[in-house]
Amino acid sequence: GHILLHGEKDVFFEGVEGMNVEMEEEANRFAADFLISSEQWAAFKQKPVTLESVKIFAESLEIAPGIVVGRLQHEKIVNFSWGNNLKLRLKWQKNQT
């Protein structure tokens with residue numbers, strides 16, 4: 001979001017003193033709405049949130065259910081421990097030189 005909205009030359013670090021809060025919030029909103037539009041998200045949140053509803057919603061948007069879980073967690077709709085089994089975990093391989 002930062003690169004597309006604010007250009008390539010600036011460097012952005014979350015939680016750093018002096019950070020432009022407005023630019024950070026704008027980039028966060030852009031990123032959130034990029035895969036799930038605000039209209040789709042609003043409709044989804046009107047229904048009870050369950051692991052099954054997350055899977056169905058994600059499948060309808062052709063995205064990973066972990067993306068939906070992450071947004072629910074980020075917006076504090078669910079606890080950060082909820083639904084983590086739907087997130088894909090990546091394990092980086094050590095460089096074998």
Side-chain angles (χ1 to χ4, degrees):
H2 283 297
I3 292 171
L4 293 174
L5 297 172
H6 308 127
E8 298 176 16
K9 295 184 181 186
D10 287 327
V11 178
F12 299 95
F13 292 102
E14 195 168 320
V16 173
E17 190 175 322
M19 167 184 80
N20 185 320
V21 175
E22 286 181 25
M23 289 174 80
E24 185 64 27
E25 289 175 359
E26 183 180 38
N28 286 346
R29 179 56 37 214
F30 175 84
D33 290 343
F34 186 76
L35 294 174
I36 307 170
S37 74
S38 55
E39 294 83 12
Q40 292 166 320
W41 188 243
F44 172 70
K45 292 190 308 181
Q46 289 181 355
K47 302 172 187 169
V49 175
T50 65
L51 293 176
E52 190 60 29
S53 71
V54 165
K55 290 178 194 176
I56 292 168
F57 181 60
E59 186 175 312
S60 75
L61 298 176
E62 297 181 344
I63 62 174
I67 293 168
V68 179
V69 170
R71 187 159 174 184
L72 288 165
Q73 292 172 342
H74 181 77
E75 294 186 11
K76 296 180 173 56
I77 296 168
V78 299
N79 191 297
F80 278 97
S81 62
W82 187 89
N84 287 332
N85 60 321
L86 296 180
K87 291 181 177 179
L88 178 63
R89 304 245 185 252
L90 300 177
K91 185 174 182 179
W92 299 103
Q93 208 172 29
K94 291 186 178 182
N95 193 354
Q96 305 277 328
T97 52

Shortest non-hydrogen contact from [X] toward [Y]:
X	Y	value
Val68	Ala58	CG2-CB, 4.0 Å
Asn84	Arg89	CB-NH2, 3.7 Å
Ser53	Pro48	OG-O, 3.4 Å

Once rounded to the nearest 0.5 Å, what's the spacing between atom [atom1] of [X] and atom [atom2] of [Y]?
X	Y	atom1	atom2	value
Ile36	Ile67	CD1	CD1	7.0 Å
Lys76	His74	NZ	NE2	7.0 Å
Glu62	Leu35	CD	CG	12.0 Å

Next on the checklist: Quick check: is Ile63 connected to Phe34 through a chain of hydrophobic side chains (ILVMFWY, heavy atoms under 4.5 Å apart)?
Outcome noted: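 Linked, Phe34 and Ile63 end up in one cluster.
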Item to check | Hphob cluster co-occupancy, Ile56 + Trp82, side-chain heavy atoms under 4.5 angstrom | outcome: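 Not linked; separate clusters.
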Checklist entry - With under 30° as parallel and over 60° as perpendicular, where do the rings of Phe57 and Trp41 fit, or are they tilted in between? => result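 Ring orientation of Phe57 relative to Trp41: tilted.
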Item to check | Results of salt bridge (Lys or Arg N to Asp or Glu O under 4.0 Å) for Lys45 - residues two or more places apart only | outcome: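 Here the qualifying residues are Glu75.
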Using side-chain heavy atoms (C-beta onward) and a distance below 4.5 Å, is [X] in contact with [Y]?
X	Y	result
Arg71	Ile77	no
Val54	Val69	yes
Phe44	Leu72	yes
Arg29	Glu26	no

